[in-house]
Peer 1: 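This is the structure I want to talk about, given as structure tokens.
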Amino acid sequence: MKVRLSLTVNDEVHDVLVPVEKTLLEVLREDLGLTGTKHGCELGECGTCTVLVDGEPVLSCLALPVELEGRRITTVEGLARDGVLHPLQVAFVELGAAQCGYCTPGMLLTAAALLDRVVHPSRQQIREALAGNLCRCTGYTKILDAVELAARRRRAAGAECAP
Amino acid sequence: MSPPDFSVIGRPLPRVDAWAKVTGDARYADDLVLPRMAYAKLLRSPHAHARIRGIDTARARALPGVYAVITGSDLPPVKFGILPVSQDEEALCRDKVRMVGDPVAAVAAVDEATAERACELIEVDYEPLPALMSIEQSLAHPEVRIHEYGDGPNVHKVVALQFGDVEAGFARADLVREDVFFYEGSTHLPLEQHAALAHWGPDGKLTLWTSTQTPHYVHRLLAKILDVPAAHIRVIAPAVGGGFGGKLDPFAHEIAACKLSQLTGRPVKIALTREEVFYVHRGRHPVLMWIKTGFTRQGDITACHLRTWLDGGAYGSYGVATTFYSGVINPVTYKIPVYRFEGARVFTNKPPCGPKRGHGTPQPRFALECQLDKAAEQLGLDPTEMRRRIAVEPFTKTANHLTVTTVGLVECIDRVVEASGWRRKWRGWRRDRTGEGPRRRGIGFACSAYLTGAGTAIYWNQMPHSGVVLRADRSGGVTIQCGATDIGQGSDSILAYLPAEILGIDPKDVHVQAADTSLAPVDLGSYSSRVTLMCGMAAIQAAERLKAVLAKAVAQKLEVGPGALVFRDRKVGVPGDWERAVSFSEAVELAESTYGVLAFAGSYAPPRRAGRYKGAGVGPSPCYSYTACVVELSVDEETGEVELHDVWVAHDVGRALNPLLVEGQVEGSVYMGIGEALMEAQVFRKGLHKTPSMLDYKSPTTLETPEIHTLLVETDDPEGPFGAKEAGQGPLLPVVPAIANAIYDAVGVRVDEVPIGPEKILRGLDLRRRGQPARVGPERVPAFRFREPLVVESAFGQPAEAVVARPFADPGVAGGRGA
């Protein structure tokens, strides 16, 4: 059975007609062409397909679009704003936190949700936030470093803006 | 460390593909879509060993939405394998399946779900055969044959080599130890599941986009398997989501996609599930090892004799090479004057093992380094000082005739000893444990060496191992084409950095076109830590050739000698007269006006200096990297749990072309070693994989991975591009034994097999409490008689030849240095 849905992804509204059992991961990749969201297991085990729903990390391989109408979905394609990369993206580039790059979108989105919640995360808090996102290339070291760097820069930018 | 006159080399620049990878713009095989594309699925065997009596595909063919169904009889009747000596695989099994997961049929359909339903409608009539699931079972049942070839019933390969008089070496030893170790198998677990997209065009030409580490070998083998001229096949590796050795063979899904594309007249995509990736495997061999080593009182090694038994799984894959690698690299690290090595690879009804990061060498490394620790204790030596004393000498030969160039091992040892506070933290062999709580802290140490690229290709030939074409255009941009495949290690970036350094331009000015068999000259593939050195040397040669022509043209205009010119900041000129320097793009225009199109090739093949004995082809490398590692951890005596605190690793990389990328390789290697030491295991029960999912197959998360402190040591090797050696595999090797040695330091338990789970530590603690030797590990070795070894004189300590001429090198040009 197919259902007609209206999904808000990266601030754009998309009307799709999809089988009711089709996962958010599949709809994003196959119906919306947002292939930046990767799949590593399709069983909710690796964190690779993480997207944000209303700012919270969600495993898109386990999420059903039929439940997500009216919710704000963010994929890696929506992290940069007005052509400016998110501080996390800049830090990942500068510190070499992406090697094969396959876990990177999920890592970025999980970390983005953390930084929105916690201004000054400790390394242990970052470790805990990213514990559900597997990476086989980096040993996590540069990823943790990059999240710390992005958090520092955001704080510095916030301090500049503060009255 | 790097001389200040480099503008690119030694700097922590971003990878050239970094922006694409942080924005979702990087395209992996499964991201590709073509019009009219069909989706394919494989039907795999549920039996570990069975004869196929018949396959009925009628119901699957009748399913609406199905475009084609194929079985083995639809493919040319040839067997294939990555190594010419092990041609034992079929894309779709015809007569027999040899493991759970062996493919028997493939379907192309309108979508994946339809293809999957069609697979379920295929009826295969199997006659189950006894499944041989261990080395012991396979050797004990010669009447059950997994394959009809090899060095004995169910024995794929036997190696037996001896270098010098080993018995005399043992006779003069003050201490001779014999130990038995076991190293469990593990899998690569790349985050990207293998995927392929095949398009067999109406012109009869085939294009395959596939997640592979070696487009060239896939290209060659597809021609054979599909019986199509290689000239009509193009293989492209798009962005690859991790490999670690798991994407180095030609695979059934690639072949099926090609054939289905031909039959349906449509592009066909196939993407493996995570469970299928566990069956594809080609991962770490489980290896049982017996090692006997003689020592003097001072800790010098007098002789070493190593025996390895490898559980190869159902097919050959790279296994012949693995068998050699399980013995031939150990003498590269320490002074081992005489050496004997025997290895046997045995077929079992499990997914085939192959090359995983470190290919065949982490297992004997674990055995040797743990044994050295035990010997150091018996001799009352500090284990770091003992290793320091026996470190191999630079520019010498090993017992087994391998040529060693630069050796940074002593510096690596000194650096980790210093950084970790070893002298303060290591409390000697007879430390008093009374008064310590249930959480015991321990510190452990180990070293290693690894090759920087295999000295010989997989198929015998005299051609370059890596080639590039470099073309300058009037925009001031440079395009470099090379078959090298970036699997995350950063080879595309290396291909941009080196020409940029030599030509004085920005890496962003270099366009990299890689991993495409039609577009680029051959590079053999991303394995054996060969890519930076080999494609790097080829890139340097091409860039120097281009630079020479540009210099001639600019020299004429400026009326100076070409030798006076400097290429820097996108300009070419004389340092004392920089105002007259011409822009790089003008230099290109000047040269192109005189010489025509500016396209230059670069070729690299390793120096030919293998020993002169049968079997000498595995082990030689242009140069070897060295690593030393200290691990600090705690063991909970009540639960047996291990918590890692810190890992210090010093790695002799020759020169860090980009320290960020090198650190990333080191950190990733350390992480993977941690997984193998403590948790990762590809194991089976009743013929079935016990953990074919990412949840059940345990791998380290951010919470289990400790702080990794990377120290880079530069030795400026004459064989490497700007002196660089490998970094992607070697740093894994010492981590595993360093963890085992640290666990012993913490709780006095020797666990001589990995992974070291809590249950093994608790068993050891229980033995200790009962007053028995606190050692957990294999008790015996298989009943297997090795044939008499080939006896060769030891070349130990002989001086290395002065840098030998490399094939294709330009006379008078110091190839590794740039100008």
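Lettering of chains follows the sequences in order, A, B, ..., and the numbering in each one begins at 1.
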Peer 1: For the interface with chain A, which of Gly728(B), Gly675(B), Gly664(B) has the highest count of heavy-atom pairs at distances below 4.5 Å?
Peer 2: Gly664(B)
Peer 1: With the threshold set at 4.0 Å, does a side-chain nitrogen-carboxylate oxygen contact exist between Lys269(B) and Glu30(A)?
Peer 2: no
Peer 1: Given that the side chain runs from C-beta out, which part of Ala80(A) has a heavy atom under 4.5 Å from chain B: side chain, backbone, both or neither?
Peer 2: neither
Peer 1: Any sub-3.5 Å donor-acceptor pair from Arg15(B)'s side-chain atoms to Gly96(A)'s backbone N or O?
Peer 2: no
Peer 1: Is it the backbone or the side chain of Leu661(B) that comes under 4.5 Å from a heavy atom of chain A, or both, or neither?
Peer 2: neither
Peer 1: Within the 4.5 Å heavy-atom criterion, are Thr23(B) and Leu85(A) side-chain neighbours or not?
Peer 2: yes
Peer 1: Using a 3.5 Å distance criterion without hydrogens, assess whether the side chain of Tyr140(A) forms a donor-acceptor pair with backbone atoms of Pro700(B).
Peer 2: yes
Peer 1: Sort Asp30(B) into side chain, backbone, both or neither according to what part of it lies under 4.5 angstrom from a heavy atom of chain A.
Peer 2: both
Peer 1: Quick one: what part of His39(A) sits under 4.5 Å from any heavy atom of chain B, side chain, backbone, both or neither?
Peer 2: both
Peer 1: Counting only non-hydrogen atoms closer than 4.5 Å, does Thr138(A) touch chain B with its backbone (N, CA, C, O), its side chain (CB onward), both, or neither?
Peer 2: backbone
Peer 1: Give, for atom CG of Leu134(A) and atom CG of Leu189(B), the distance between the pair rounded to the nearest 0.5 Å.
Peer 2: 7.0 Å
Peer 1: Please name the pair of heavy atoms, one in Arg136(A) and one in Tyr671(B), separated by the smallest distance, quoted to 0.1 Å.
Peer 2: NH1-OH, 3.0 Å
Peer 1: Rounded at 0.5 Å granularity, tell me how far CG in Leu43(A) sits from CZ in Arg274(B).
Peer 2: 10.0 Å
Peer 1: So how far is it from Ile487(B) CD1 to Cys100(A) SG, rounded to the nearest 0.5 Å?
Peer 2: 9.0 Å
Peer 1: First locate atom CG of Leu191(B), then atom SG of Cys137(A), and finally report the distance between them rounded to the nearest 0.5 Å.
Peer 2: 7.5 Å
Peer 1: Are the side chain of Gln99(A) and the backbone N or O of Gln489(B) linked by a donor-acceptor pair below 3.5 Å?
Peer 2: no
Peer 1: Contact part of Ala26(B) toward chain A, heavy-atom cut-off under 4.5 Å: side chain, backbone, both or neither?
Peer 2: backbone
Peer 1: Can any side-chain N or O of Glu192(B) pair as donor or acceptor with the backbone N or O of Tyr102(A) at less than 3.5 Å?
Peer 2: no
Peer 1: Please look at Thr705(B) and chain A and tell me whether the side chain, the backbone, both or neither of the residue comes under 4.5 angstrom of a heavy atom of that chain.
Peer 2: both
Peer 1: Does a side-chain N-to-carboxylate-O contact under 4.0 Å join Arg29(A) and Asp31(B)?
Peer 2: yes
Peer 1: Where on Arg357(B) is there a heavy atom nearer than 4.5 Å to chain A: the side chain, the backbone, both, or neither?
Peer 2: side chain
Peer 1: If you count heavy-atom pairs under 4.5 Å with chain B, which of Gly36(A), Gly40(A), Pro105(A) comes out on top?
Peer 2: Gly40(A)
Peer 1: I'd like to know if Lys142(A) and Glu663(B) make a salt bridge, using a cut-off of under 4.0 Å between side-chain N and carboxylate O.
Peer 2: yes
Peer 1: For the atom pair OG1 (Thr141(A)) and CD1 (Ile708(B)), what is the distance rounded to the nearest 0.5 Å?
Peer 2: 3.5 Å
Peer 1: Determine whether Glu128(A) and Leu703(B) make a side-chain contact, defined as any pair of heavy atoms from C-beta on separated by less than 4.5 Å.
Peer 2: yes
Peer 1: State, to 0.1 Å, how close Glu77(A) and Gly24(B) come at their nearest heavy-atom pair, and which atoms those are.
Peer 2: OE2-O, 4.4 Å
Peer 1: Grab the two heavy atoms, one from Ala131(A) and one from Thr702(B), that are nearest each other, plus how far apart they are.
Peer 2: CA-OG1, 3.2 Å
Peer 1: Between the side chains of Arg123(A) and Glu707(B), is the shortest nitrogen-to-carboxylate-oxygen separation below 4.0 Å, so that they form an ion pair?
Peer 2: yes
Peer 1: Looking at every non-hydrogen atom in both residues, tell me the closest pair between Cys41(A) and Met694(B) and how far apart they are.
Peer 2: CB-SD, 3.9 Å
Peer 1: Verify, without hydrogens or angle tests, whether Gln89(A) (side chain) and Val22(B) (backbone) share a donor-acceptor contact under 3.5 angstrom.
Peer 2: yes
Peer 1: Tell me which of these, Ala98(A), Gly132(A), Cys103(A), Ala97(A), has more heavy-atom pairs under 4.5 Å with chain B than the rest.
Peer 2: Ala98(A)
Peer 1: Heavy-atom cut-off 4.5 Å, strictly under: side chain, backbone, both or neither for Ser693(B) against chain A?
Peer 2: both
Peer 1: Of the backbone (N, CA, C, O) and the side chain (C-beta and beyond), which part of Glu704(B) lies under 4.5 Å from a heavy atom of chain A, both, or neither?
Peer 2: neither
Peer 1: Which bit of Val240(B) is near chain A, if near means a heavy-atom gap under 4.5 Å: side chain, backbone, both or neither?
Peer 2: backbone
